[in-house]
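Below is one structure, written out as structure tokens; comments come after it.
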Amino acid sequence: MDAKIEYLLRQGDNALILSQQLSQLCGKGPALEEDMALTNVALDLLGQTRMWLTYAGELEGKERDEDQLAFHRDAIDYRNVLLVEQPNASYAETMMRQFLFDSWHYFLMQGLLQSSDPRIAEIAEKSFKEVTYHLRRSGDLVVRLGDGTDVSRARMQAALDDLWMYSGEVFIYDAIDNAMVEQGIAPKAEDLRAAFLDHVNDILLEATLVMPSPEAWMQRGGKQGRHSEHLGFILAEMQFLQRAYPGAEW
Amino acid sequence: MSKEWPLWEVFIRSQHGLAHKHVGSLHAPDAEMAINNARDVYTRRNEGVSIWVIRAADIVASSPSDKEALFEPANSKVYRHPTFFPMPEEVKNL
Amino acid sequence: MYAQMVETGLKKVQTNEDMSADEQAFQARIDAGVKIEAKDWMPEAYRKTLVRQISQHAHSEIVGQLPEGNWVTRAPTLKRKSVLLAKIQDEAGHGLYLYSAAETLGVSRDELLAALHSGKAKYSSIFNYPTLSWADMGAIGWLVDGSAIINQIPLCRCSYGPYARAMIRVCKEESFHARQGYDIMMSLAKGTPEQKAMAQDALNRWWWPSLMMFGPSDAESVNSAQSSKWRIKLFSNDELRQRMVDQTVPQVEYLGLTVPDPDLKFNAETGHYEFGEIDWSEFHNVLKGNGPCNRERLRTRVKAWDDGEWFRDALVAHADKAAARKAAA
């Protein structure tokens, strides 16, 4: 499959799975205002998903639109990183997952603004303002919850220690990512990683949390379709109606 | 017993040149979160250009019982309104 | 009707003789169409009734997120998912506007939530029904939000300023809700035979509970009569229910579906639809806590609140620390 199409699917799937996870929390947040803020993020990500998948479908040229791609690929064909499929668990895990994702996503979008592919640059431009806000919000919450009570600090530290090993996959470039860099479409891994570590370090310091080692072993495989056990369940729930009623219009 | 987040009143200005309008209130632990929350609660339909938040406890309001003393005198000074002075039709620009 | 059967605490409608001089002056302002604002003097019964009514309405919006939240992860297209998420978010927002309005009456939101979580405070009966298929998302938007609109538009003119203004804000957003619901129904009704059956099934299950939302006939109700006098209830339950039926039956017919009421018939003389008897024992049971989902709905809200305590406390702790640092600097 064309490298660019794969790359687009990766971006779309990341946003989709993360949005799907956040949607599970509708009406179940720790405060009303927080409920609304979280749903906003879910909505933003869903909007980004649609842009990525639509473009992927167009390039592919097999008449697969955003819904065909979202609802009719099995886990083996999904290209999201492992981080976004980790469960919501408690709000600490949800927020830490968000922060680790946003801290990469922000710099990626920033880099994609200069993409040699104009459509990608356009998607990045539309997404960048949203992602800027997401990062500001998740970083702010990590600081508040890290430097909050002893209980909240302990929870956030535990969440960080658990999720850290999923934070590096985005910087492990394979042939597809490298092709994107060569074509001037996507930014380099080293640049993104440096910016990520810098930012995360600053926030965690302020949050009085201990950053795990950047050299720790990072789980990987999501981008290549080798997922965790969680994704199957996420997709089963998400795709049910389209699978149960093939061909129906909704 | 947990401490309740304080109440903030929210004012939004939706376009440059218009005044901030009171749109409602919300709870937040501090001013910064109040602004962030206000953005999510009150500006989803492009209603926002500027947000003010103020602790409800800090608002000083005129007392309703003072309404007459404070506002009545203006009612009798109708000459402050241009409609009090009809101008002849032939005269323009006044 | 998102606030049903609100108690005024009064045994009879207050006449001039029953009222003190202050109360008479207050009633005169209401009769003149003057808006009552937060710091104005008001009879304690008016204040209490409003707190109950507005908070019931707020609770309804918040609990109302749950039946729809149940299907958001299973929405059949990305577009439908986006729209549903936006609608649910609006509901949270409406709850917030309404809690804001209630708080102007001297009660705190945490107090109101405590009353909800303990089971003391009521919320609309309709949200105690389960959402069993995607078609329920259509039926809820169309019938439940549709009914809410009928109730809320007049409330934009109610006597209490903060409540009226909250209603104006809510109404602006609400018509999108009803339309997206009907749009779902239209897609299903002209879809596959299974989809059409799904739509009819949803209508069958949501029709009567939607009619019940308006509450029992209140021609004899002291509470309703007093609330009308105070202009915080502008039409009777029966009037609103009739309006809903009259406007909705043609919409059902357009879909090619059938109202689950064998007694439904149009009366050419009155220009209104006559409809069958409502099973009020079901309504009262649901309000008492015996509906299909009462316990589940409340448990979900209580769990969210309890699970969120560490989060809320941490944010307070951080704000306090930051303020202390600023003061020390």
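Each chain gets a letter, A, B and so on, in the order the sequences are listed, and its residues count up from 1.
With a 4.5 Å cut-off on non-hydrogen atoms, A:Asp35 touches chain C through its side chain but not through its backbone. With a threshold of 4.5 angstrom between heavy atoms, C:Ala75 approaches chain A through N, CA, C or O but not through any side-chain atom. Interface residue C:Leu78: backbone and side-chain heavy atoms are both found under 4.5 Å from chain A. Interface remark: C:Ile62 contributes side-chain atoms only to the contact with chain A (heavy atom separation under 4.5 Å). If you measure heavy-atom distances from C:Thr300 to chain A, the contacts under 4.5 Å come from the side chain alone. Of the two parts of A:Tyr91, the backbone and the side chain both hold a non-hydrogen atom closer than 4.5 Å to a non-hydrogen atom of chain C. With a 4.5 angstrom heavy-atom cutoff, A:Leu53 touches chain C only via side-chain atoms. Heavy atoms of C:Lys190 lying under 4.5 Å from chain A are absent altogether.
Taking chain C as the reference chain and counting heavy-atom pairs below 4.5 Å, the highest number among A:Leu32, A:Ile234, A:Leu16, A:Thr49 is found for A:Leu32. The candidate from C:Gln89, C:Arg74, C:Arg80 with the greatest count of non-hydrogen atom pairs under 4.5 Å with chain A is C:Gln89. No other option in A:Asp67, A:Leu141, A:Asp150 has as many heavy-atom pairs under 4.5 Å with chain C as A:Asp67. When C:Lys303, C:Lys79, C:Glu68 are compared by the number of non-hydrogen pairs under 4.5 Å with chain A, C:Lys79 comes out ahead. With chain C as partner, the option from A:Met95, A:Gln242, A:Gln239 having the largest number of non-hydrogen pairs under 4.5 angstrom is A:Gln242. Between chain A and the options C:Leu96, C:Ile184, C:Val72, heavy-atom pairs under 4.5 Å are most frequent for C:Leu96. With respect to chain A, the highest number of heavy-atom pairs below 4.5 Å among C:Thr77, C:Asp320, C:Leu84 belongs to C:Thr77. When each of C:Tyr99, C:Trp134, C:Trp305 is scored by its heavy-atom pairs under 4.5 Å with chain A, the top score falls to C:Trp134. Interface summary for chain A: among C:Ser82, C:Gly191, C:Ala317, the most heavy-atom pairs under 4.5 angstrom belong to C:Ser82. The residue among A:Met36, A:Met238, A:Glu66 with the most heavy atom pairs within less than 4.5 Å of chain C is A:Met36.
Looking at heavy atoms from C-beta onward, A:Pro30 lies out of side-chain contact with C:Asp307 at the 4.5 angstrom threshold. Inter-residue side-chain proximity for C:Met198 and A:Tyr245 is flagged as met; some heavy-atom pair is nearer than 4.5 Å. A:Thr149 places none of its side-chain heavy atoms less than 4.5 Å from the side chain of C:Trp310. Side-chain contact between C:Phe311 and A:Val151: absent, with no pair of heavy atoms (C-beta onward) separated by less than 4.5 Å. The side-chain heavy atoms of C:Asp313 and A:Ser152, taken from C-beta on, include no pair separated by under 4.5 Å. For the pair A:Leu46/C:Leu85, a side-chain contact is recorded, criterion being any heavy-atom separation below 4.5 Å from C-beta on.
A 6.0 Å sphere centred on NZ of A:Lys28 holds no more than 12 heavy atoms belonging to other residues, nucleotides or ligands. Counting heavy-atom neighbours within 6.0 Å of C:Arg295 CZ, excluding the residue itself, gives a total of 12 or less. More than 12 heavy atoms of other residues, nucleotides or ligands lie within 6.0 Å of CZ in A:Arg73, so this atom counts as buried by the packing criterion. Under a cut-off of 6.0 angstrom, the local environment of CD in C:Glu194 is crowded, with over 12 non-hydrogen atoms contributed by other residues, nucleotides or ligands. Around CG of A:Leu59, the count of heavy atoms belonging to other residues, nucleotides or ligands within 6.0 Å exceeds 12. In this structure, A:Arg243 places its CZ atom where more than 12 heavy-atom neighbours from other residues, nucleotides or ligands lie under 6.0 Å away.
Closest non-hydrogen pair, C:Gly69 versus A:Cys26, comes out as CA-CB, 4.3 Å. In this structure, C:Ala304 and A:Gly29 approach most closely via the heavy-atom pair CB-O, 3.7 Å.
Atoms NE2 and CZ, on C:His318 and A:Arg153 in that order, are 11.5 Å from each other to the nearest 0.5 Å. The distance from the CG atom of C:Leu315 to the CD atom of A:Glu34 is 8.0 Å, given to the nearest 0.5 Å.
Looking only at distances, a side-chain donor or acceptor of C:Gln195 sits under 3.5 Å from a matching main-chain atom of A:Glu249. Judged by distance alone, with hydrogens and angles left aside, the side-chain atoms of C:Arg301 form a donor-acceptor pair with the main-chain N or O of A:Gly27 at under 3.5 Å.
For the residue pair A:Glu237 / C:Thr73, a side-chain donor-acceptor distance below 3.5 Å is found, with atom types taken as modelled. There is a side-chain donor-acceptor pair under 3.5 Å between C:Lys81 and A:Gln20.
Between C:Lys321 and A:Glu206, no side-chain nitrogen of the basic residue sits less than 4.0 Å from a carboxylate oxygen of the acidic one, so the salt-bridge criterion is not met.
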